There are 2 protein chains.
Amino acid sequence: MGGIVKQLAVLGSTGSIGQQTLQVVRALPDRFHIVGLAAGKNLELLTKQVNEFRPRFIYYQDRETRVRLTNGEYEFLSPEDIARHPQVDTVVIATPGKSGLSPTLAAVKAGKRVALANKESLVMAGEIITDEANLNGAQILPIDSEHSAIWQCLRGEMQPPVQIMLTASGGPFLHYSPAQLNKVTIDQALKHPSWQMGRKVTIDSATLMNKGLEVIEAHWLFNLPFEDIKVLIHPQSIIHSMVEFADGSTKAQLGYPDMRLPIQYALSYPERLANPQLPRLDWSRINSLTFESPDLDTFPCLRLAIEAGRKGETYPAVLGGADEVAVELFLSQRIKFTDIAHLVEQALEQHQVIAYPNLEGILAADAWARRKVTELATGDNPW
Amino acid sequence: MGGIVKQLAVLGSTGSIGQQTLQVVRALPDRFHIVGLAAGKNLELLTKQVNEFRPRFIYYQDRETRVRLTNGEYEFLSPEDIARHPQVDTVVIATPGKSGLSPTLAAVKAGKRVALANKESLVMAGEIITDEANLNGAQILPIDSEHSAIWQCLRGEMQPPVQIMLTASGGPFLHYSPAQLNKVTIDQALKHPSWQMGRKVTIDSATLMNKGLEVIEAHWLFNLPFEDIKVLIHPQSIIHSMVEFADGSTKAQLGYPDMRLPIQYALSYPERLANPQLPRLDWSRINSLTFESPDLDTFPCLRLAIEAGRKGETYPAVLGGADEVAVELFLSQRIKFTDIAHLVEQALEQHQVIAYPNLEGILAADAWARRKVTELATGDNPW
């Protein structure tokens with residue numbers, strides 16, 4: 001096949017995005033080489049991955065297991081040290097939640113190509129991360145399907161867009177009334193109509209919080225004001241997002257809902273690689289693509305996220321931390337689905353903002369929000 | 001506004017595309033300057049345009065009128081001489097029918113930027129024109145909305161597409177049965193559901209011949225084999241065409257049906273210029289975009305055009321010449337709507353192909369097809 005072999009580190013290799021990243025690498029072994037793998041859980045899968053891809057560097061969260069795995073040709077490093085290692089040129093950040101923040105920062109400070117699937121990094125610390133990326137010549141390559149779509153549409157354009165339209169499937173509860181929403185179960189919330197994803201992001205898709213987080217990410221990735229970022233419900237999930245230009249022309253990127261395409265695009269960019277495992281749209285079977293406006297009253301998380309994004313400072317960190325705990329509480333059957341938004345809203349209302357926060361301030365706001373939501377939901381005082 | 005002022009010649013300035021080109025120039029007077037105007041008919045409108053834009057060079061088809069108009073500061077030149085004049089950097093070819101061929105050839109031989117709205121040039125002589133463009137460093141910038149869409153989607157991409165999908169509204173007779181189609185009137189055929197265009201192209205849209213001609217154009221513009229060019233019926237005419245890449249990703253360009261956008265894009269490229277007169281998509285009013293396969297049995301012109309394109313040589317010239325005469329015969333109520341396809345098919349069947357034709361061979365095939373259709377339709381012997 002020719003072309004450069006990219007040297008990859010995959011952080012979060014046992015999660016949904018991590019596994020799909022390795023599927024892409026497996027399909028294109030002449031183009032990608034795994035230098036590092038890091039995982040927090042699922043030792044069995046990590047061991048399989050290590051045996052298959054033979055990375056030079058590995059990380060596993062548990063210290064005991066660390067020792068056991070070091071028998072062999074691998075070197076144990078922290079996720080941050082893997083991310084900044086000179087032998088790595090592209091770092092895939094598929095680490096879940098706020099634990100993605102520190103390796104993302106390490107990777108951008110080291111000037112790497114950073115294929116970013118972790119939402120929390122940009123939501124919590126978008127300014128710090130994009131500033132460090134600019135300072136150190138790092139490229140942030142989005143792996144989210146929506147941001148990949150926008151990035152693909154902006155390719156070759158000389159001017160910034162005047163507007164971007166992030167599409168959203170609407171999740172499993174599209175067109176539900178508030179009363180119906182009040183009674184939904186975990187199983188219903190975990191059944192996403194078009195995407196196969198991890199549990200946290202699936203619940204966030206059902207509340208539309210996920211789309212709100214993506215609006216904040218888009219703000220940082222594409223340097224656009226919030227008023228130029230719109231959300232459009234598109235239940236078929238074929239158009240992954242759209243961009244409007246100064247002359248009124250709009251471009252869209254389309255494909256079946258399959259994360260391997262945005263993953264591969266970020267890894268292969270600026271090339272596009274033929275991969276027979278990736279599906280091609282079959283237009284004889286696509287009859288209709290539909291669109292509607294999101295219902296911000298029934299799905300307040302989207303509104304809360306955009307407001308937090310606009311306010312900036314430590315508000316997005318509070319939003320993210322509060323949501324993560326609220327989703328966990330819902331998944332452990334301790335609160336109702338509709339409580340997720342209520343808890344996030346209360347945390348945002350009670351937050352004492354820190355202006356111009358540094359990383360410590362952001363992490364403190366996140367920690368405060370987590371404790372606050374626990375307290376509000378359970379009556380326990382975690383302080 | 002800054003930026004370079006482009007020096008334009010508009011050939012066919014009194015037709016639909018010509019007038020819309022001048023609307024764009026009128027909206028962006030700091031960026032475009034009219035150096036030349038040429039028209040075949042409508043002296044009154046040409047005179048108005050000359051008085052408004054004060055071009056250095058003009059052409060009008062009728063010799064008598066020529067003398068009258070030369071009173072003043074203008075110089076009379078042939079369309080070809082305007083197209084190749086050193087003071088002109090961009091030539092808009094909005095000349096209708098085969099009379100666009102000769103100025104297009106003059107413009108590409110002179111290495112100009114050629115904003116091409118005339119379909120017949122590439123349909124009849126695609127190989128000659130693209131060869132001359134490559135040889136002389138001319139750029140052919142498509143003005144058709146479909147080809148502009150493809151060109152916009154290819155922007156910044158390093159690799160050729162694996163497939164393009166030309167969208168078609170389906171015209172006013174979408175879902176008509178052959179029996180219904182047999183009885184349609186001129187007025188019905190001239191009522192296009194989404195586009196305002198000239199009479200010839202409106203009838204060609206109703207027969208789907210227009211889409212067939214566009215397939216042949218796309219073959220030459222984007223250097224793609226016919227099997228990688230698909231046609232998709234999309235009645236809303238919002239997606240103007242789509243491109244699929246090696247990795248399975250598809251990009252689309254969208255906008256309301258308004259020719260001023262592709263015209264302006266071709267003129268301003270690689271810049272995009274803000275023009276408040278151009279409409280922006282209002283997604284609160286777009287509920288559904290639908291797609292279906294074209295019915296090649298009921299609309300045989302599309303099939304005939306693709307077959308003629310595949311066969312190449314003088315077949316596309318016969319297709320174009322036969323269609324032009326057949327459409328004229330329909331518009332003068334001498335044949336039925338469904339006779340258009342029958343006459344074109346008979347002309348193609350009876351044609352004695354010329355292999356590797358030069359321009360004379362192509363023009364001879366076109367002339368033969370015109371006489372043949374007249375003879376077949378009217379019984380008159382025009383030979």
Side-chain angles (χ1 to χ4, degrees), chain A residues 24 148-149 152-159 161-163 165 167 230 232-234 236 238-240 242-256 258 260-262 264-265 268-281 283-293, chain B residues 24 148-149 152-159 161-163 165 167 230 232-234 236 238-240 242-256 258 260-262 264-265 268-281 283-293:
Chain A
V24 169
S148 178
Q152 290 182 55
C153 290
L154 288 174
R155 188 173 178 150
E157 298 285 344
M158 297 161 46
Q159 294 149 279
V162 296
Q163 185 170 267
M165 273 76 62
T167 52
K230 300 288 190 298
L232 196 58
I233 302 291
H234 166 49
Q236 297 80 28
I238 298 286
I239 293 186
H240 295 308
M242 298 189 267
V243 174
E244 186 188 324
F245 298 96
D247 56 5
S249 181
T250 292
K251 285 205 281 199
Q253 187 268 331
L254 302 86
Y256 287 120
D258 189 318
R260 291 173 300 172
L261 175 58
Q264 181 180 305
Y265 185 75
S268 70
Y269 178 83
E271 271 186 279
R272 291 183 182 273
L273 302 177
N275 177 351
Q277 292 177 16
L278 293 184
R280 300 176 59 172
L281 287 177
W283 285 97
S284 70
R285 303 180 62 162
I286 299 172
N287 302 316
S288 175
L289 302 177
T290 64
F291 307 91
E292 56 192 277
S293 296
Chain B
V24 169
S148 178
Q152 291 182 55
C153 290
L154 289 173
R155 187 171 178 152
E157 298 284 344
M158 297 161 48
Q159 295 148 280
V162 296
Q163 186 169 265
M165 272 75 63
T167 53
K230 301 288 190 299
L232 197 57
I233 302 291
H234 166 49
Q236 297 80 26
I238 298 288
I239 293 186
H240 295 307
M242 298 189 268
V243 174
E244 186 188 325
F245 298 98
D247 56 6
S249 180
T250 292
K251 284 205 283 201
Q253 187 268 331
L254 302 85
Y256 287 120
D258 189 319
R260 291 174 299 173
L261 174 58
Q264 180 180 305
Y265 185 76
S268 69
Y269 178 83
E271 271 186 279
R272 291 183 183 271
L273 303 178
N275 177 350
Q277 293 177 16
L278 293 184
R280 298 175 61 173
L281 286 177
W283 285 97
S284 71
R285 303 179 63 162
I286 300 172
N287 303 317
S288 174
L289 303 177
T290 64
F291 307 91
E292 57 192 276
S293 296

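Every value quoted in this text rests on a predicted model; they were computed, and no experiment measured them. Here is the naming used below: chain letters follow the sequence lines, and residue numbers restart at 1 for every chain.
Using a 4.5 Å cut-off between heavy atoms, B/Leu289 contacts chain A through both its backbone and its side chain. With a threshold of 4.5 angstrom between heavy atoms, B/Pro279 approaches chain A through N, CA, C or O but not through any side-chain atom. Both the backbone and the side chain of A/Asn287 come within contact range of chain B, each with at least one heavy atom under 4.5 Å from a heavy atom of that chain. Of the two parts of B/Gln163, only the side chain, counted from C-beta on, holds a non-hydrogen atom closer than 4.5 Å to a non-hydrogen atom of chain A.
Using a 3.5 Å distance cut-off with no hydrogens or angles, the side chains of B/Ser288 and A/Ser288 do pair a donor with an acceptor.
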Quiz item: side chain to side chain contact (heavy atoms under 4.5 Å, CB included) between A/Phe245 and B/Gln152: does it pass, once the steps are laid out?
Solution: CA-CA 11 Å; A/Phe245 298 96; B/Gln152 291 182 55; 5.7 Å; no
Quiz item: Given A/Leu281 and B/Met165, is the side chain to side chain contact (heavy atoms under 4.5 Å, CB included) satisfied, shown in steps?
Solution: CA-CA 11 Å; A/Leu281 287 177; B/Met165 272 75 63; over 6 Å; no
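In terms of heavy-atom pairs under 4.5 angstrom with chain B, the leader among A/Ser148, A/Ala149, A/Ala246 is A/Ala246. Between chain A and the options B/Thr290, B/Leu254, B/Asn275, B/Ile238, heavy-atom pairs under 4.5 Å are most frequent for B/Leu254. Across A/Ser293, A/Ser284, A/Pro270, the residue that shares the most heavy-atom pairs under 4.5 angstrom with chain B is A/Pro270.
Minimum heavy-atom separation, A/Phe291 to B/Ile286: CB-O, 3.5 Å. In terms of heavy atoms, A/Leu278 sits closest to B/Asp247 at CD1-O, 3.3 Å. The shortest non-hydrogen separation linking A/Gly248 to B/Arg280 is CA-CG, 4.5 Å.
With hydrogens and angles disregarded, a donor-acceptor distance shorter than 3.5 Å links the side chain of A/Arg155 to the backbone of B/Gly156. Within the 3.5 Å criterion, the main-chain N or O of B/Arg272 finds a donor-acceptor partner in the side chain of A/Gln159.
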